[in-house]
Amino acid sequence: MTNFKGFERGMGIGGWLTNYKRFNVLPLERRFPLTIGDMEHFASYITKRDIDYIASLGMDHIRLGFDQVVLEESPGVYREEILCLLDDFVSWCESANLNIVLNMHKAIGNYCDIPEKIKLMESAELQERFINLWLLLEKRFSSKPNIVFELLNEVVDIDPELWNNLADKTIKAIRKINSDRGLIVGSRCWNSPHELKNLRVWDDPNVIYTFHFYAPFEFTHQRGVLQALPLYYNREMPYPGDADRYRDYQKVVCGIENAYPGFTEIGRDFLRQELESALEFKKLNPGKILWCGEFGTIRHAKIQWRENYMRDMISILKELDIPYCVWNYLSTPNDGNRFSLVDDDSREILSQELAEIIVGNV
């Protein structure tokens, strides 16, 4: 695999089998059990109409996030009704000529936005369950080369070798039964591009590398209700924007004096600088594929700011020859991190300009 053909411009789907309810607002004992309402949500939230619409926008792949607790009822016991939904999703994508990334968005022991008592990287039992779920999916979709597996979304801030070792064990387990499956591996610290330097590189042409990008955080997550810092600051942040406004955020919220040195504006030049780590990874690993699997802006930011940001991001990624997948098609109403690109009711793109931008017409 010398290029990521068929995975050049994608759309992420969250809010269906992941992020369908925010666990950090629930008491600990109610975070993981599923209810009848959850099952009704899974059965109805995304349909073939949504997949066809994404294809009509000109995207070539969909990144579908799923949570381990949605597929796995208990250790070694899997929900057939959810697996059947995945079958339907794959069928819808195939009929729409869309390729697929199946992404373990939240694994037990690595929830990217809530603390957990038992850590995936420290538990042999959780690691075995993690690998076994991927083996189950490999066996179920063994005849589907258009499906790529993204092993784990946004590994938290841990010793990078712990994740490198688990990724290695998972890759080796899958390779015993399929030497050709495309496998995506990202860096720690929530897939930070700056952590790519600590990610192991495998002698395997079918391993793809990924990162996520949400800089500057005070813009992409502005006035978000799930993160304490933008919630506290509670201020609109334009993009592009006066660097003094961004410096004030860093001073008030983080106690950092004189942030963003050398910048009078936070805009395209800043994004390009922040992506230098990704470019460095590409230079150090010629022949390897690097894919930006997630980036976006919170829904309540002004639409022109969202358009400006996505236009700059995608133009830079194209300049660096990095394929991408935007986040996110649709977010549930109770998701405080609503990054939706379509209207809740019509499920149509929020602006024609945004439609042109995300498909790469920048």
Side-chain angles (χ1 to χ4, degrees), residues 1-8 10-13 16-18 42-43 46 48 51 54-55 59-108 110 120 126-153 165-186 200 202-210 288-289 291 293 323 325:
M1 185 179 291
T2 57
N3 60 59
F4 211 9
K5 185 177 181 181
F7 294 84
E8 295 171 8
M11 175 79 77
I13 291 183
W16 183 22
L17 304 180
T18 185
F42 301 145
I46 295 294
K48 186 177 185 298
I51 305 310
I54 291 170
M59 314 312 282
D60 67 2
H61 70 281
I62 290 178
R63 175 181 182 248
L64 176 64
F66 64 87
D67 292 353
Q68 186 173 353
V69 295
V70 175
L71 269 67
E72 184 183 289
E73 185 172 0
S74 59
V77 179
Y78 305 100
R79 292 187 172 89
E80 184 61 25
E81 63 268 45
I82 302 299
L83 291 168
C84 287
L85 279 179
L86 285 181
D87 292 339
D88 290 341
F89 168 75
V90 169
S91 176
W92 300 337
C93 287
E94 289 179 337
S95 70
N97 295 314
L98 288 166
N99 292 311
I100 299 162
V101 175
L102 290 183
N103 158 245
M104 177 97 75
H105 211 72
K106 288 181 168 63
I108 298 170
N110 188 89
L120 174 63
L126 287 183
Q127 291 186 30
E128 182 179 11
R129 287 167 63 181
F130 175 85
I131 293 171
N132 285 342
L133 180 50
W134 278 121
L135 293 177
L136 172 79
L137 292 173
E138 174 54 51
K139 291 168 185 174
R140 194 172 188 99
F141 298 117
S142 60
S143 63
K144 307 288 186 180
N146 61 316
I147 301 177
V148 173
F149 294 165
E150 185 179 356
L151 300 185
L152 184 56
N153 175 69
N165 291 337
L166 176 55
D168 188 66
K169 287 192 288 186
T170 309
I171 291 169
K172 286 177 178 175
I174 294 171
R175 287 291 174 252
K176 289 179 180 178
I177 53 178
N178 188 338
S179 60
D180 297 324
R181 174 71 61 200
L183 302 174
I184 297 173
V185 185
R200 190 174 302 175
W202 282 266
D203 183 19
D204 185 325
N206 295 316
V207 172
I208 299 104
Y209 304 86
T210 189
K288 301 296 183 182
I289 299 168
W291 171 72
C325 186

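- The aromatic rings of Phe4 and Trp291 lie perpendicular to each other, with more than 60° between the two planes, well past the 30° mark.
- In this structure, SG on Cys325 lies 8.0 Å from CE on Met11, to the nearest 0.5 angstrom.
- Taking the salt bridge (Lys or Arg N to Asp or Glu O under 4.0 Å) definition, one finds that Arg129 meets it with Glu72, Glu125, sequence neighbours left out.
- Using a 3.5 Å distance cut-off with no hydrogens or angles, the side chains of Arg175 and Asn206 do not pair a donor with an acceptor.
- Judged purely by distance below 3.5 Å, without hydrogens or angles, the side chains of Lys169 and Gln127 pair a donor atom with an acceptor atom.
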- request: Apply side chain to side chain contact (heavy atoms under 4.5 Å, CB included) to Ile289 and Phe7, showing your working.
  value: CA-CA 11 Å; Ile289 299 168; Phe7 294 84; over 6 Å; no
message: For a side chain to side chain contact (heavy atoms under 4.5 Å, CB included) check, start with the C-alpha distance between Leu83 and Leu71, then their side-chain angles and the critical distance, and finish with the verdict.
response: CA-CA 7 Å; Leu83 291 168; Leu71 269 67; 4.2 Å; yes
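- Nearest heavy atom pair, residue Ala173 against residue Ile131, reads CB-CG2, 3.7 Å.
- Among Leu86, Val148, Val90, Leu64, the one residue that satisfies the side-chain contact (heavy atoms from CB on, under 4.5 Å) test with Ile100 is Val90.
- One side chain, Arg63 or Asn153, offers a donor N or O that lies under 3.5 Å from an acceptor on the other.
- Between Met104 and Leu133, the closest heavy-atom pair is CE-CD2, 3.7 Å.
- A 4.5 Å side-chain heavy-atom check between Ile51 and Ile46 finds at least one atom pair inside the cut-off.
- Closest of all the heavy-atom pairs between Gly293 and Thr210 is N-OG1, 3.3 Å.
- In this structure, Glu94 and Lys144 have side chains that are in contact, with non-hydrogen atoms separated by less than 4.5 Å.
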task: Please lay out, stage by stage, how Lys48 and Ser95 fare under the test side chain to side chain contact (heavy atoms under 4.5 Å, CB included).
output: CA-CA 9 Å; Lys48 186 177 185 298; Ser95 70; 3.6 Å; yes
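- Residues Trp134 and Phe141 place their aromatic rings such that the two centres sit no closer than 6.0 Å.
- Looking at Asp180 and Pro145, their side chains never come closer than 4.5 Å, going by heavy atoms from C-beta outward.
- The shortest distance between side-chain heavy atoms of Ile13 and Ile54 falls below 4.5 Å.
- Distance alone, capped at 3.5 Å, places no donor-acceptor pair between the Asp67 side chain and the Val69 backbone.
- Between the Asn99 side chain and the Gly6 main chain, a donor and an acceptor come within less than 3.5 Å of each other.
- Within the 3.5 Å criterion, the main-chain N or O of Ile177 finds no donor-acceptor partner in the side chain of Glu138.
- For residues 79-89, the side-chain hydrogen bond (donor to acceptor under 3.5 Å, both in side chains) pairs, not counting sequence neighbours, are Glu80-Arg140, Asp87-Arg140.
- Rounding to the nearest 0.5 Å gives a distance of 11.5 Å between CG of Leu102 and CG of Leu151.
- Checked by atom type and distance alone, the side chain of Arg181 never pairs as donor or acceptor with a backbone atom of Val207 at under 3.5 Å.
- With rounding to the nearest 0.5 Å, the separation of CZ in Phe130 from CG in Leu120 is 6.0 Å.
- For the atom pair CG of Asn146 and CG of Leu98, the computed distance is 10.0 Å after rounding to the nearest 0.5 Å.
- When every heavy atom of Asp203 is checked against every heavy atom of Lys288, the shortest pair comes out as CA-NZ, 4.3 Å.
- Judged purely by atom type and a 3.5 angstrom limit, Asn132 uses its side chain to pair as donor or acceptor with the backbone of Glu128.
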query: Is there a side chain to side chain contact (heavy atoms under 4.5 Å, CB included) between Phe66 and Trp16 once you walk through the steps?
result: CA-CA 8 Å; Phe66 64 87; Trp16 183 22; over 6 Å; no
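- Expressed to the nearest 0.5 Å, how far CG of Asn110 lies from CG of Leu166 amounts to 9.5 Å.
- The OG1 atom of Thr170 sits 12.0 Å away from the CZ atom of Phe149 when rounded to the nearest 0.5 Å.
- Contact annotation: the side chain of Ile174 approaches that of Leu183 to within less than 4.5 Å [non-hydrogen atoms, C-beta and beyond].
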